[in-house]
Amino acid sequence: MVERKVEAKRRLPPLPNAVPGNVVTRLPPEPSGYMHIGHALSGLLNYLYKEMYGGKVWLRFEDTDPRKVRPEYYDSYRDGYSWAGIKWDHEKCNSDDMELFYRYAAELIESGKAYACACSRETVRRLRSEGVPCEHRAQPVEVNMELWEGMLEGRFSEGEVSLRLVGDMASTNTTLRDPVIMRIVEKPHPLKGDRYRVWPTYDFAASVEDAICGVTHVLRTSEFMLRDELQDLIRSYLSMPNPTYVEYERFEFEGTPVSRREIRSLIERGVVSGWDDPRLATIASIRRRGIVPEALREFVERYVALTQSRKVYSWDLLYAINRRLIDDRAPRMFFVKDPVRIRLEGAGVLEVDVPLHPNGRLGARRLRVSGEVYVPAEDVRTVGPGGALRLKFLGNVTLRSVSDGDAEGVLDVAPPSPGLRVIQWVPVEEAVSVKVLIPGPLLNPDGTLNESSLEVVEGVAERAVSSLEVGTHVQFERFGYCVKDRSPNAFVMAHR
RNA sequence: GCCCCGGUCGUAUAGCCAGGUCAAGUAUACCGGCCUUUCGAGCCGGGGACCCGGGUUCAAAUCCCGGCCGGGGCACCA
C-alpha cells in the first residue's frame, strides 16, 4: 500500500449537543418524486453524524398527503439511500401512525390547544395574513370535540372543517398563526387505501414523529428554518422533548435544475430524455454517468458546510474525487473519435498485448492487426504527410500520404521514438462503432437553456468494449472516463 | 408587500462566536515544470479572495450601523 499524501482529511464539524452513543437522526423523504443528489447529500450528513457519534438513524417516509404520494417512490428512496452507502437502523412511514396522530389531536383539543375551524380556505389565508383570529378559535372544547369527531366519522367533506393549532395569530413568524394540523383528504392513500380520510399536515406529523422516534438532531435544509419554532411549540403542548436543529442551504450544482417542476417540464418538452438523463442530478442520472457512492461520501466530508450561505457546487469538485476513486480500477481501452484509416505498408499480421492499466494490476488484452488501423483524424492532421506518430505499444508509423479519411504509412515495430506523439489506435478488423454521450450543463449561467448540453461523439473502439457490463467504468485513453451505458456499444462520459 | 437568513480566490470551504499569531490556510479549476509508451494518475511550483461605506479599537475577514446583492418563508405541500 502506498500511503497517500498526508493531507489532513477534513472531517465533519462537531455536532452541537451531541452525546456520544446517543445521536438519533433521520432521513425524511416525501415519496412524491425521484430522489436526487441533494437528498443523498443530506441523507449522508444524517448518516455520517450518527456514525461519528454512535446512535441510530431512521428512514421515515413523510407520506401524509395522499394526493402527492406515489407508491413507486418509496423504493426509489430505499434504493437511492442504499446505493449511497447509507444503512438505516429503523424504518417507518408517518402514515403508519394515524391512530397516534388522532390521539394527540384529541389531547390538544382537550387542553384547549387546538380547535375545529370551519372557515373556508380563502378566509383562513386572509386572516392569517392579516394576523387576525377567526370566530372558531374561541369555541368551547365540547364544540371542538364534536366537530373533530364529525371529521373522523365522515360527516364533513374535504375543506369543510379542519383542525387548527392555537398558535400566535400576531407572530411575525407566520407559520405560528394557527396552522392547520389535521385536514380531510378525500383521496385514497397509496399504502393505506381509504382507511383514513383525516390526515395530519407536515408540521404536526413531523414534530410528533421526531419526538416519538427519539430524534436528537434534525439536520435539514433551511427552507424549514421558520418551522423550528412551530414544531417546538407543538411538542411543548404535548410535553415532548425538542431536538437540536442544524439547518443548511440546499445543495445545488452548476448548470443543473433542481426543482421537480422544472425537470418535469424539460422531460415533457423533450429537452431531456427522462428522469435518468445524464445531464440531470437525480440518483438515476448520476449513477448512469458513473459517479460512485464513495465519491458522494467524500464530497460531503470535504466540501459540505453546515452554513446558510448559498451553495452552487461546481461539478469539477465531485469529478475530481470520483476520478481518483475509479482511476485504479478503470481499464484503459482504445476509442478513436473521427477515425482515419491508415494502411500500414508491409506490416503483415501482428499481435500485441496491451496493458489494461499503467499500474500493471489489471493485466492486458491482445490486439491483432493485419495491416490497417484507425487513428484519430486530428492526430493525422497535426503531423501531416511525412510526419510520424507512435501507436501506443505497437510501433512508430511514418505517414506517407494523407487523404480524406485515409492514409498510408510505414510501420516500424520498435520502441517508442522520443518526441513522437503517443496515440491510441484500433485495428480495422476488430473495430466496433461506439457512441459516447457527453453531458454538459443544461442551464447557462444566466438560467437560460443551454442548446448544446449533450454532445454525442461517434467513433470506433476495440471489440472488447462490446462485452463490458452496463455500469462498468473504462478510461478511453486520451479521451476520458466513461461508463458502459445500456444500449449496445453506447457509453456515457463521466468526466475527463 | 411582510418576515427570516446569508455574502472569504472562478467554485467549494477554513478562519468569524472568544479582534492581534491572516501581508488569509486547504481542495478543485487554471498556468508552468517533472514523471509517464494517455491529453489520466502522481510529484513540484505559480497567479488568484475577506461585497461596499461608515463606526468602535492601539489593532477588524472577525464587533456595531447603513447600503447593495443573493437565498428562503408567508399552503387544509413537505
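What you see below is based on every heavy atom in this structure, not just the backbone, and it leaves out hydrogens, waters and symmetry mates.
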K.L.:
Hey, are A:Glu122 and A:Arg126 close enough for a salt bridge, meaning a charged N less than 4.0 Å from a carboxylate O?
P.N.:
no
K.L.:
Which part of the nucleic acid does A:Val185 contact within heavy-atom distance under 4.0 Å: base, sugar-phosphate only, or nothing?
P.N.:
nothing
K.L.:
Kindly state which residues belonging to residues 223-234 of chain A come within less than 4.0 angstrom of RNA chain B, counting heavy atoms of the residue only, listed by number.
P.N.:
A:Glu223, A:Phe224, A:Leu226, A:Arg227
K.L.:
Whole angstroms only, please: what is the CZ-C1' distance between A:Arg332 and B:rU37?
P.N.:
14 Å
K.L.:
Closest to the A:Asp327 side chain: B:rG71, B:rG40, B:rA29?
P.N.:
B:rG40
K.L.:
Under a plain distance cut-off of 3.5 Å, with no hydrogens placed, do A:Ser265 and A:Glu262 share a side-chain donor-acceptor pair?
P.N.:
no
K.L.:
Go through B:rU28, B:rG73, B:rA12 for me and flag the one nearest to the A:Asp316 side chain.
P.N.:
B:rU28
K.L.:
Answer yes or no: does a side-chain N or O of A:Lys68 lie under 4.0 Å from OP1 or OP2 of B:rA78?
P.N.:
no
K.L.:
Would you please say whether a donor-acceptor pair under 3.5 Å links the side chains of A:Asp63 and A:Tyr74?
P.N.:
yes
K.L.:
With rounding to whole Å, what would you report as the distance between B:rU8 and B:rC51 at their P atoms?
P.N.:
6 Å
K.L.:
Quickly work out the A:Tyr313 OH to B:rG10 C1' distance and round it to whole Å.
P.N.:
16 Å
K.L.:
Write down the distance separating the C1' atoms in B:rG48 and B:rA78, rounded off to the nearest Å.
P.N.:
42 Å
K.L.:
Counting only side-chain heavy atoms from C-beta out, which of B:rU28, B:rU38, B:rC74 sits nearest to A:Glu477?
P.N.:
B:rU38
K.L.:
Given atom CZ of A:Arg324 and atom C1' of B:rG40, what is their separation to the nearest angstrom?
P.N.:
14 Å
K.L.:
What interatomic distance, in whole Å, is found between P of B:rG40 and the corresponding atom of B:rC30?
P.N.:
9 Å
K.L.:
Within residues 389-398 of chain A, find the residues that approach RNA chain B with a heavy atom at under 4.0 Å, and present them sorted by residue number.
P.N.:
A:Arg390, A:Lys392, A:Phe393
K.L.:
Heavy atoms from C-beta onward define the side chain here; which of B:rU37, B:rU11, B:rA78 lies closest to that of A:Val422?
P.N.:
B:rU37
K.L.:
Roughly how far apart, to the nearest Å, are B:rC9 and B:rG25 at atom C1'?
P.N.:
12 Å
K.L.:
Please give the distance between the C1' atoms of B:rG46 and B:rC63 as a whole number of Å.
P.N.:
36 Å
K.L.:
Please state whether the phosphate of B:rG42, meaning OP1 or OP2, lies under 4.0 angstrom from any side-chain nitrogen or oxygen of A:Arg323.
P.N.:
no
K.L.:
More 5' along RNA chain B: A:Arg496 or A:Leu306, using each one's nearest nucleotide?
P.N.:
A:Leu306
K.L.:
Quick check for you: among B:rA14, B:rG71, B:rA29, whose closest atom lies nearest to any side-chain atom of A:Glu249?
P.N.:
B:rG71
K.L.:
Given atom CZ of A:Arg302 and atom C1' of B:rU13, what is their separation to the nearest angstrom?
P.N.:
11 Å
K.L.:
Between A:Arg250 (CZ) and B:rA12 (P), how many Å, whole number?
P.N.:
15 Å
K.L.:
For A:Asp203, check salt bridge (charged side-chain N to carboxylate O under 4.0 Å, His left out) against everything at least two apart and list the hits.
P.N.:
A:Arg227
K.L.:
When the P atoms of B:rA29 and B:rA12 are compared, how many Å lie between them, rounded to an integer?
P.N.:
15 Å
K.L.:
Would you indicate which nucleotide in B:rU11, B:rC76, B:rG71 comes nearest to any side-chain atom of A:Arg310?
P.N.:
B:rG71
K.L.:
So, OP1 or OP2 of B:rA78: does either fall under 4.0 Å of a side-chain N or O from A:Thr64?
P.N.:
yes
K.L.:
Would you please name every residue forming a salt bridge (charged side-chain N to carboxylate O under 4.0 Å, His left out) with A:Lys392, sequence neighbours left out?
P.N.:
A:Glu477
K.L.:
Taking atom P in both B:rG71 and B:rA49, what distance in whole Å separates the two?
P.N.:
25 Å
K.L.:
Can you tell me which stems RNA chain B forms, taking runs of 3 or more consecutive Watson-Crick or G-U pairs with both distances under 3.5 Å?
P.N.:
B:1-7 with B:68-74, B:10-13 with B:25-28, B:30-34 with B:42-46, B:51-55 with B:63-67
K.L.:
Want to settle it: does A:Thr307 or A:Thr172 sit nearer the 5' end of RNA chain B, counting the closest nucleotide to each?
P.N.:
A:Thr172
K.L.:
How about A:Tyr202 and A:Phe224: are their ring centres within less than 6.0 Å of each other?
P.N.:
yes
K.L.:
Enter the distance from A:Glu294:CD to A:Ile321:CD1 here, rounded to the nearest 0.5 Å.
P.N.:
11.5 Å
K.L.:
Rounded to whole angstrom units, what separation is found between the CG atom of A:Leu12 and the C1' atom of B:rU13?
P.N.:
13 Å
K.L.:
For A:Glu91, look at atom CD and say whether over 12 heavy atoms of other residues, nucleotides or ligands are found less than 6.0 Å away.
P.N.:
yes
K.L.:
May I have the distance from A:Asn173 (atom CG) to B:rC5 (atom C1'), rounded to whole angstrom?
P.N.:
13 Å
K.L.:
Considering residues at least two apart in sequence or located in another chain, which fulfil the salt bridge (charged side-chain N to carboxylate O under 4.0 Å, His left out) criterion with A:Arg323?
P.N.:
none
K.L.:
Going by salt bridge (Lys or Arg N to Asp or Glu O under 4.0 Å), name the pairs with one or both residues in residues 311-321 of chain A, residues two or more places apart or in two chains.
P.N.:
none
K.L.:
Who pairs with A:Asp75 by salt bridge (charged side-chain N to carboxylate O under 4.0 Å, His left out), at least two apart in sequence or on another chain?
P.N.:
A:Arg78
K.L.:
Between A:Thr64 and A:Asn94, do the side chains contain a donor N or O and an acceptor N or O under 3.5 Å apart?
P.N.:
no
K.L.:
Sequence neighbours left out, what passes ring-ring contact (aromatic ring centres under 6.0 Å, His included) with A:Phe479? Give chain and number order.
P.N.:
A:Phe335
K.L.:
Answer with yes or no whether the side chains of A:Trp315 and A:Thr256 bring together a donor and an acceptor at under 3.5 Å.
P.N.:
yes
K.L.:
Consider the side chain of A:Ala320, meaning its heavy atoms from C-beta on, and name the nucleotide among B:rU28, B:rC74, B:rG6 that approaches it most closely.
P.N.:
B:rU28
K.L.:
Once salt bridge (Lys or Arg N to Asp or Glu O under 4.0 Å) is applied, what residue pairs with a partner in residues 248-258 of chain A remain, sequence neighbours excluded?
P.N.:
A:Glu252-A:Arg310
K.L.:
Please measure how far the P atom in B:rC16 lies from the corresponding atom in B:rG7, and state the result in whole Å.
P.N.:
13 Å
K.L.:
Taking the ring centre of each residue, are A:Phe253 and A:Phe299 less than 6.0 Å apart?
P.N.:
yes
K.L.:
Classify A:Pro358 by what it touches in the nucleic acid, base, sugar-phosphate, or nothing, heavy-atom distance under 4.0 Å.
P.N.:
base
K.L.:
For B:rA78 and A:Arg183 - does any side-chain N or O of the residue sit under 4.0 Å from the phosphate oxygens OP1/OP2?
P.N.:
yes
K.L.:
Show the distances under 3.5 angstrom between N or O atoms of the protein and N or O atoms of nucleotides 50-52 of chain B.
P.N.:
none

K.L.:
Would you say the side chain of A:Gln475 and the base of B:rU38 hold a donor-acceptor pair, judged only by whether the two atoms sit under 3.5 Å apart?
P.N.:
yes
K.L.:
Measure OH/A:Tyr319 against P/B:rA41 and give the value in whole Å, please.
P.N.:
15 Å
K.L.:
Can I get a per-line list of side-chain donor-acceptor pairs under 3.5 Å for residues 162-170 of chain A, giving both atom names and the distance, sequence neighbours left out?
P.N.:
unit_1, atom_1, unit_2, atom_2, d
A:Arg164, NH1, A:Asp178, O, 2.8
A:Asp168, OD1, A:Ala170, N, 3.0
A:Asp168, OD1, A:Ser171, N, 3.4

